[in-house]
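What follows is a short report on a single structure.
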There are 2 protein chains.
Amino acid sequence: MPASLPSNVIPLHVPTLQSACSQCNLRELCLPLGLSDSELDMLDAVIGGRRKLKRGQYLYRSGDAFEAIYAIKAGFFKTDVLTEDGRDQVTGFQMTGEVLGLDGIGTELHTCNAVALEDSEICLIPFTDLERLSSEVHTLQRHFHKMMSREIVRDHGVMMLLGKMRAEERLATFLLNLSQRFMARGYSAAEFHLRMTREEIGSYLGLKLETVSRAFSRFQDEGFISVHQKHICILDIQGLKMIMTHPPSSSGT
Amino acid sequence: MPASLPSNVIPLHVPTLQSACSQCNLRELCLPLGLSDSELDMLDAVIGGRRKLKRGQYLYRSGDAFEAIYAIKAGFFKTDVLTEDGRDQVTGFQMTGEVLGLDGIGTELHTCNAVALEDSEICLIPFTDLERLSSEVHTLQRHFHKMMSREIVRDHGVMMLLGKMRAEERLATFLLNLSQRFMARGYSAAEFHLRMTREEIGSYLGLKLETVSRAFSRFQDEGFISVHQKHICILDIQGLKMIMTHPPSSSGT
DNA sequence: CACCCTGTTTGATCTGTGTCAACGTCCCTG
DNA sequence: CAGGGACGTTGACACAGATCAAACAGGGTG
């Protein structure tokens, strides 16, 4: 197991590596951390298969019956919820090694939409199988519980962002979070392509797309990043961190 | 088991009733729904004791070691998170029958503060015991997973509220949610006391206390509610629902 | 009963972000 | 390579909610 992956920088989900495995490289994905080889073999038995999705395809929709959770083997997704009156809110962006579908356990119906933002591949994990196995394999149970809890903690971070931060702080936080997650997967922390539109970023951050665009421009003018369409270079991480944590005047409350 | 409790109106947690039980009325609280009597007896064995808290006391603080989750036997709590630069965000208000502490599972450290907003009493459920038992009792495992998932779905609702709604929509949503949760516990849906200050409501809703106060005043002027300090009467539920779901002009995006 | 402290209401003004609109850029397709 | 459509940028202006400030209400406590 390759060592020294930054894993506790922020409430990310979990790093991904390369390696073969019977059905899919789940061994390297979210669930199995800390399991022994024999336990991993049991887990393999529970993978219900793979599925490929084209850009724009839905993995599931709000209202669909919940049957499985999904580990992203490769690709990039967004999840969103919508109200009866047609407003929608992006609740997250998920990348390789992260898990989708936890929203459906409670009601046995999915409560949000999950859409691929690029051609992607997922591993399907039938939930009843997962529950059965996790009651036998303590480390798997523990890992699954931690995963759900981390999702709750992540959501709290988003509440903070939406409730207390200004536009530029939100975008800086967003960029730094993406950067860390790419880095944890072995990609560059400084240079990456955004898979989502300005409108989707705005929806996630509680902003209009024009505001997102203006904030990008200002970050570029200030020399913190360079932006060309969806291509981002972070030139001054410290600068972004300053924006994130230093509200212009009064903090608190 | 008393029938006809409204349980699927909104992603609430779970209703509470009166009845005796060995250590605490957990039988009627969050976890046990759907368990047989013998399974309930097993669950009783796992309750680690009770604890009383005075108004203002912390049940746990961010950074505390995570050891147990807590079922509220009676009382009212808020949870909040804070950033390094001192801003804090209320992430939820919890009442009798709801559960606290799920945020700590992921890192084995609590990531938010939980404070009693009135004198309260909780049942302590040591997490290792809960995990052990839930691997033996399938219905308990299932119930616990549903509980965590519902918390995630609730958080998505808050994101929608913070990301897409205007001040009055947020407050109307908040009041209607409280109303339903009081109703589900056998209290009046129309008349209740707020346990939290305007500032705490504002923090939860991403608004300043003055804005909360003005929205209350406007609801009263319009005849939707009457407000006297923390005492609220809902006079026109439909009116509030209209505010919640009918943005003044353009919706969507 | 007077005092104080915390919480609430209300008014006047300011400002960050939304809204509307025009234009630019890239990519895909024929 | 021309045309079209989706996406992004930028500007001018409007407005919801923040900020600042003052006054009020209630509820403990000496």
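All values below come from the heavy atoms of this structure, side chains included, with hydrogens, waters and symmetry mates left out. Below, chains carry the letters A, B, ... as their sequence lines are ordered, and counting in each starts from 1.
- Just one residue in the list Tyr204(B), Phe77(B), Phe182(B) forms a ring pair (Phe, Tyr, Trp, His ring centres under 6.0 Å) with Phe93(B), and that residue is Tyr204(B).
- Per the geometry, NE2 belonging to His193(B) stands 17 Å off P belonging to dG7(C), to the nearest Å.
- Summarising the geometry of Met244(A) relative to Glu169(A), their closest heavy-atom pair is O-OE1, 3.4 Å, with the distance given to 0.1 Å.
- For Phe192(B) and Tyr187(B), the distance between ring centers is not under 6.0 angstrom.
- The CD1 atom of Ile201(B) sits 9 Å away from the P atom of dT9(C) (whole-angstrom rounding).
- A salt bridge is absent between Glu118(B) and Arg55(B): the closest approach of a Lys/Arg side-chain nitrogen to an acidic carboxylate oxygen does not fall below 4.0 angstrom.
- Between the axis at the start and the axis at the end of the helix from dC1(C)-dG30(D) to dG30(C)-dC1(D) there is an angle of 40°, using five pairs per end and rounding to 10 degrees.
- Base contact: Ser213(A) has a heavy atom under 4.0 Å from a base atom.
- One can place NZ of Lys230(A) at 10 Å from P of dT9(D), the figure rounded to the nearest angstrom.
- Atom-to-atom, CD of Glu199(A) to P of dT19(C) comes out at 12 Å; the value is rounded to the nearest Å.
- Considering Arg154(B), Met160(B), Met159(B) in turn, Met159(B) is the only one that fulfils the side-chain contact (heavy atoms from CB on, under 4.5 Å) rule with His156(B).
- Here dT9(C) presents its P atom at 13 Å from CZ of Phe219(B), a figure rounded to the nearest Å.
- Note on ring orientation: taking the six-membered ring where Trp is involved, the planes of Tyr70(B) and Tyr60(B) are parallel (angle under 30°, cut-offs 30° and 60°).
- In this structure the side chain of Met242(B) never reaches within 4.5 angstrom of the side chain of Phe224(B), judged on heavy atoms.
- What you find for Asn113(A) and Arg61(A) is that their closest heavy atoms are OD1-CA, 3.3 Å.
- dG26(D) atom P lies 10 Å from atom NE2 of His228(B), rounded to whole Å.
- Backbone-only engagement by Thr197(A) is indicated by non-hydrogen atom pairs under 4.0 Å involving sugar-phosphate atoms exclusively.
- For the pair Gln229(A) CD and dC27(C) C1', the interatomic distance rounds to 10 Å; values are reported in whole Å.
- Summarising the geometry, the separation between NZ on Lys164(A) and C1' on dT19(D) is reported as 16 Å, rounded to the nearest angstrom.
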Could you write out each protein N or O paired with an N or O of nucleotides 14-18 of chain D at a distance under 3.5 Å?
{"from": "dG17(D)", "atom 1": "OP1", "to": "Ala167(B)", "atom 2": "N", "distance (Å)": "2.7"}
{"from": "dA18(D)", "atom 1": "OP1", "to": "Lys208(B)", "atom 2": "N", "distance (Å)": "3.4"}
{"from": "dA18(D)", "atom 1": "OP2", "to": "Lys208(B)", "atom 2": "N", "distance (Å)": "3.4"}
{"from": "dA18(D)", "atom 1": "OP2", "to": "Thr211(B)", "atom 2": "OG1", "distance (Å)": "2.2"}

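- Using bins of under 30°, 30° to 60° and over 60° for the plane-to-plane angle, the ring pair His231(A)/His193(A) lands in the perpendicular bin.
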